[in-house]
Trainee: 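The structure follows.
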Amino acid sequence: METGKPPPPQGKRGESIKENGFLPFYTNAFDRVFISLVILIGIHLLWLRFMEPTLPIELATALSLVIGFYVMRRG
Amino acid sequence: MSRSWQSRAWGTISTYVFWVFMTLLTLIPIWWMFVVSMRTRVELFGRPNLMLNRLYLENYSNVLTDSAFQRYMTNSLVVSTANALLVMILALLATYALSRYKLAGRDNIFFWLITNRMAPPAAFLLPLYIMFTRTFRLGDWTLFDTQLGLILLYCVFNLPFAIWLLKGVVDGIPIELDDAAMIDGAGLWGVLRHVIIPLAAPGLAVTGILSWIFAWNEYLFAANLTSVVARTITTALAEFVTVTGTNWGELAAMSMVTLVPSAIIVIFAQRYIVMGLTFGAVKE
Amino acid sequence: MRNPRVGWALLSPTLIILLIFGFAPFVYVLVVGFFDWNVFAAEDGLRFNGLDNFRRLVFDELFLSSVGLTIRFAVFAIASEIVLGFALAQMLTRNFPGKSLFRIIHTFPLMVAPIAVGAIWRLLVIPGFGPVPFFLDRWFDLTYQIGTYPDQALMTSVIMDIWHWTPFVTLTMLAGLSSIPREPVEQAKVDGANRLQVFWYVTLPFLRPVLLTTVFIRIMDAIRTVDEVWMLAGGGPGTRFTGIYIWRVTSPAASADWGYGSSVSLITLYLTIVLCWLLFIAISGRRKGEVE
């Protein structure tokens, strides 16, 4: 385990690593897609449990797409 | 002066008292099982007595001469040994590839390997059952209830672990040694045989030993993907409770037999267990 | 000189085995989770039913209570293991004669087959001749019956887990403690920090990666736990953890509703993958602002 200050990892082609996003760690494109997917699934499950009879599931999809987009751009 | 001597003496004494206490906590459950395995059915009931009354070996002889148990035992030995050998060979090749060649997506392979190791086996039972009974079949033969099936299946959790244990070892062998051997005219197999295998031998041995014990200990796959022919010793233990009227003495004797390899391994490979269990994420 | 093709060739047997036995089942549950597939139904075969399996899942009281129970189990067990393991590791950093013997004995439970761990504890707590119920009744006048009282069964599972897995925490903590450099600790002492301050401001930050790794690995283990608890209590009240629930729902012998079984598997895999990824982030040192 490295205990010293870790150097920010270099992206394979240098463009995908983000250092100034709001997430508490360095992310590359794969990470951001992954986070968006995780959030998407989580929102859908919660929606099925608590919101569905009143609001249709498509709203959950829309909501997670918006959040996913935000994570992709700003994460 | 005398005060510090005294306090140090107290420190030593309390250390030993503490550790003796911990050791008792660890061993008493096992000791109780040993005591149960040395008793007849009648002797078990009444006031629990933690002392051994006498050496009563009939439970052991009953278990060890039982033909079904012998088959379970042979299956376990064959499956664990074959799996450990297979894992050692495949993991060495894979580790060498990951360490010496520039392969695209090495990091993602790492993540995927960990996921394989950590996935709950219960989640895969259904698809594996269907694959074993329907997909892999040749005429009447299916992978279901065969030793081969278990040997291959156990690679799913043993290979990732083996690769990450060996990765550190192979990375530690200077690449210059490979190059020198290649300049002397050695091919890939030459390098592996004369450079990598001798230098990685201790790590390889530990990998084999721990893979062996993980395969030996496995229960869930063995219980659901075999029925009669290829059942292993852990499934025998579980069935013992549910099916027969449970002879506790024999159950205890059987468990004691299951413990033997673990005991041997803990004594000889203790230092490496932690590396094996944490993917070398925590280096000693 | 080093042709990547040779590398892939060396890697291929491993990848093929893992693709067949690790990845294919994943794809399978991913697909079947969205279908209705009842093996004993009049017409065998898959019928697409969208999110219905998941709709049923999020209202499945058995599943939800198993999750709640698993969380309680994990919190009790892991918290105790961390505290105990850390204390033991701290004690093992000192040298004293006989240390390695104690350490070997302490490590032993780790290598015992989970099913045998279950058997060991079952023999201890079985009503009739187990010493635990007997002495609890004799000394504390406590009726102890894990088959009847869910809380007792849960606590027994927790204690069994502590017995089984504390050595693991001890060993990882020991590795972590021995990798801490001497200087910052000495410096802090020179600056007049007391033991608690040294622990809080120096030891703990250095230990954090190890601590995180250990906790994540233990959480994932808790999700997977089946064998030992099953052997201990046979799925009695108070021990129906998620692992056991999945096993009962997906077990080919016990269940006929394969579509629903797959959706349950998927949710568990979802949790596992998220945890795995967090672990990966934690150990690859990609946190921002790590140490200063």
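Please read all numbers here as calculations on a predicted model, not as lab measurements. Values reported hereafter were calculated over all heavy atoms of this structure, with side chains retained and with hydrogens, waters and symmetry mates removed. Lettering of chains follows the sequences in order, A, B, ..., and the numbering in each one begins at 1.
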Trainee: Counting only non-hydrogen atoms closer than 4.5 Å, does B:W32 touch chain C with its backbone (N, CA, C, O), its side chain (CB onward), both, or neither?
Mentor: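 The answer is the side chain of B:W32.
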
Trainee: For a quick check under 3.5 Å, do B:D178 and B:Y96 share a side-chain donor-acceptor pair by atom type?
Mentor: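 Side chains of B:D178 and B:Y96: pair found under 3.5 Å.
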
Trainee: Which atoms of C:I126 come close to chain B, meaning under 4.5 Å heavy atom to heavy atom: side chain ones, backbone ones, both, or neither?
Mentor: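 Only the side chain of C:I126 comes within 4.5 Å of chain B.
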
Trainee: Heavy-atom pairs under 4.5 Å with chain C: which of B:L27, B:L103, B:L98 has the most?
Mentor: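 Heavy-atom pairs under 4.5 Å are most numerous for B:L103.
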
Trainee: Looking at B:I130, B:T12, B:V20, which has the largest count of heavy-atom pairs under 4.5 Å with chain C?
Mentor: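 Highest number of heavy-atom pairs under 4.5 Å: B:I130.
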
Trainee: Under 3.5 Å, is there a donor-acceptor pair linking the side chains of B:Y72 and B:T234?
Mentor: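 No, B:T234 and B:Y72 have no side-chain donor paired with an acceptor closer than 3.5 Å.
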
Trainee: Among the options B:T235, B:T15, B:L153, B:I28, pick out the one with the most heavy-atom pairs lying under 4.5 Å from chain C.
Mentor: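 Of the candidates given, the most pairs with chain C belong to B:T15.
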
Trainee: Please tell me whether C:H106 and C:T170 have a donor and an acceptor in their side chains that are separated by less than 3.5 angstrom.
Mentor: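 Yes - a donor-acceptor pair under 3.5 Å links their side chains.
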
Trainee: Under the 6.0 Å and 45° cation-pi test, does C:R94 pair with C:F102?
Mentor: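 No.
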
Trainee: Let me know if C:P97 has heavy atoms under 4.5 Å from chain B in its side chain, its backbone, both or neither.
Mentor: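 Both backbone and side chain.
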
Trainee: Checking B:L90 against chain C: side chain, backbone, both or neither under 4.5 Å from a heavy atom?
Mentor: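 Contact with chain C involves both backbone and side-chain atoms of B:L90.
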
Trainee: Taking every heavy-atom pair that is under 4.5 Å apart, which of C:I104, C:L15, C:I246, C:V27 has the most such pairs with chain B?
Mentor: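 Ranked by contacts with chain B, first place is C:I104.
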
Trainee: Donor-acceptor check, side chain of B:N116 to backbone of B:V156, threshold 3.5 angstrom: yes or no?
Mentor: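 Judged by distance alone, no pair lies under 3.5 Å.
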
Trainee: What part of B:I264 gets within 4.5 angstrom of chain C, counting heavy atoms only: side chain, backbone, both, or neither?
Mentor: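 Neither part, no heavy atoms under 4.5 Å.
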
Trainee: Which one, B:V36, B:L220, B:I163, B:I233, leads in non-hydrogen pairs under 4.5 Å with chain C?
Mentor: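 Heavy-atom pairs under 4.5 Å are most numerous for B:L220.
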
Trainee: Looking only at heavy atoms and a cut-off of under 4.5 Å, which of B:A119, B:S255, B:P261 has the most pairs with chain C?
Mentor: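 Between B:A119, B:S255, B:P261, the count favours B:A119.
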
Trainee: Select, from B:A122, B:A252, B:A223, B:P127, the one with the greatest count of heavy-atom pairs under 4.5 Å involving chain C.
Mentor: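 Result: the option with the highest number of such pairs is B:P127.
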
Trainee: Between B:S227 and B:D145, is any side-chain donor less than 3.5 angstrom from a side-chain acceptor?
Mentor: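 B:D145 and B:S227 do have a side-chain donor-acceptor pair below 3.5 Å.
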
